[in-house]
Amino acid sequence: MLTPRMKSQPCYPPMEWDRSGRQHILFAADEEPALARRLFEWPPLGSLTVISVQDAPEAPSCWRDQPPPGALQRVARRREAALQQLSDLLEYVHMGARLYAVGDEEAIWQAARIAERHGMDADCVRRHRVATQARPVFCVHCRTTTPQVLTNVVDCAGCGRALFVRDHFSRRLGAYMGFQVDAEVPGERPVVEEIYR
C-alpha cells in the first residue's frame, strides 16, 4: 500500500471483516488468493454473499472454490454483469449490511458508487485495491473516463486530447483528474512514462 502524496488520494487499509455487520457482501473483481485465504479462515458473523468475476468459469478461483460454509456464490463472466448483480442484491439489503470491494481502483470505486446509490453509508463499505495501480482518468474537457491508465500522459478515450494524469482523485467520480497536457503551450508535451504498474 502506497502512502498518498495528495490529501485527495485514497488510502486502502488492510481488508478485515466488520464484526458489527449482519449481512456481508464481498465483490471480487480480481483474484487475490492470499486475501481470500485470510478472510475465509475467519468468516464474518452473519450471512455472506460472494460476487466474483470469472471470465473462464471452469478455471480455479480463490473466491469461488473454498468459501466458508453457507456462503452464497454469484459468478459473472464480465465485470459489468457482476456490478449489475451487486446492484440487484443491494435492492434487498437491510441495516447492518456491509460491502467489501476487492479489485483494481476502477472496480472498487464503481462498486462503492453503486452502494451509495442504494443508500449504504461510506462507513459500511471497505475497499481493497489489488492487481494493478492502473488509474481510471476522468477528462475534465469531455467528461469521459479512460480506464486502466499506466502512464503520466494518456489520450482521452472520448475526445482524443492528450491528458496529463494528475494525482488528484475524485471520490464522487471514482477517478483521477486528467487535463489537456499542452493547453498553455500547444504542442509542448512531456515524455510519456509508465509510472503506475
Sub-4.5 Å side-chain heavy-atom contact between [X] and [Y]:
X	Y	value
R22	M95	yes
S170	F138	no
M177	V165	no
Q85	L83	no
N152	V191	no
R64	V75	yes
I195	Q133	no
Y12	I108	yes

Check [Y] with [X], please: is the shortest side-chain N to carboxylate O separation under 4.0 Å?
X	Y	result
R126	D18	yes
E32	R38	no
D55	R79	no

* To do: Let me see the working for E194 and T151 under side-chain hydrogen bond (donor to acceptor under 3.5 Å, both in side chains), right down to the final yes or no.
  => CA-CA 4 Å; E194 183 176 313; T151 54; over 6 Å; no

Are [X] and [Y] close enough that a side-chain donor and a side-chain acceptor fall under 3.5 Å?
X	Y	answer
S47	Q23	no
S20	R98	yes
H118	S87	yes

Minimum heavy-atom distance between [X] and [Y], given as atom pair plus value:
X	Y	result
C159	C142	N-SG, 3.6 Å
A97	M120	O-CE, 3.3 Å
T145	P136	CG2-CB, 4.0 Å
V153	R189	CG1-NH2, 3.8 Å
G103	D30	CA-OD2, 3.3 Å
V125	A112	CG1-CB, 4.2 Å

* Is it the case that one hydrophobic cluster holds both L90 and F27, taking links as side-chain heavy atoms less than 4.5 Å apart, direct or via other members? ->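 Hydrophobic grouping puts L90 with F27.
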
I need the [X] [atom1] to [Y] [atom2] distance, nearest 0.5 Å.
X	Y	atom1	atom2	answer
F179	L163	CZ	CG	9.5 Å
L99	T49	CG	OG1	11.0 Å
L173	W109	CG	CH2	11.0 Å
R127	R171	CZ	CZ	7.5 Å
R172	E116	CZ	CD	10.0 Å
T146	D155	OG1	CG	8.5 Å

* To do: Mind checking side chain to side chain contact (heavy atoms under 4.5 Å, CB included) for R37 and listing every partner two or more places apart, or none if nothing turns up?
  =>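 Residues passing side chain to side chain contact (heavy atoms under 4.5 Å, CB included) with R37: P33, A34.
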
Give a yes or no on whether [X] atom [atom1] has more than 12 heavy-atom contacts from other residues, nucleotides or ligands under 6.0 Å away.
X	atom1	answer
Q148	CD	yes
E91	CD	yes
R19	CZ	yes

* Asked: Do any N or O atoms from the side chain of D104 and from the backbone of A107 form a donor-acceptor pair under 3.5 angstrom?
  -> yes

* Determine yes or no for a side-chain-to-main-chain donor-acceptor pair under 3.5 angstrom, with H128 supplying the side chain and P14 the backbone. =>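 No, H128 side chain to P14 backbone: no donor-acceptor pair under 3.5 Å.
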
* Test: R135 cationic atom under 6.0 Å from Y176 six-membered ring centre, within 45° of axis -> yes

* **Listed partners of D65 passing side chain to side chain donor-acceptor pair (under 3.5 Å), at least two apart** => none

* Asked: Residues sharing M15's hydrophobic cluster, by side-chain heavy-atom contacts under 4.5 Å among ILVMFWY, directly or via others?
  ->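 Same cluster as M15: W17, L26, L35, L39, F40, L48, V50, W63, Y100, V102, V130.
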
* Please step through side chain to side chain contact (heavy atoms under 4.5 Å, CB included) for the pair S61 and E31, ending with a clear verdict. => CA-CA 7 Å; S61 164; E31 291 288 312; 3.3 Å; yes

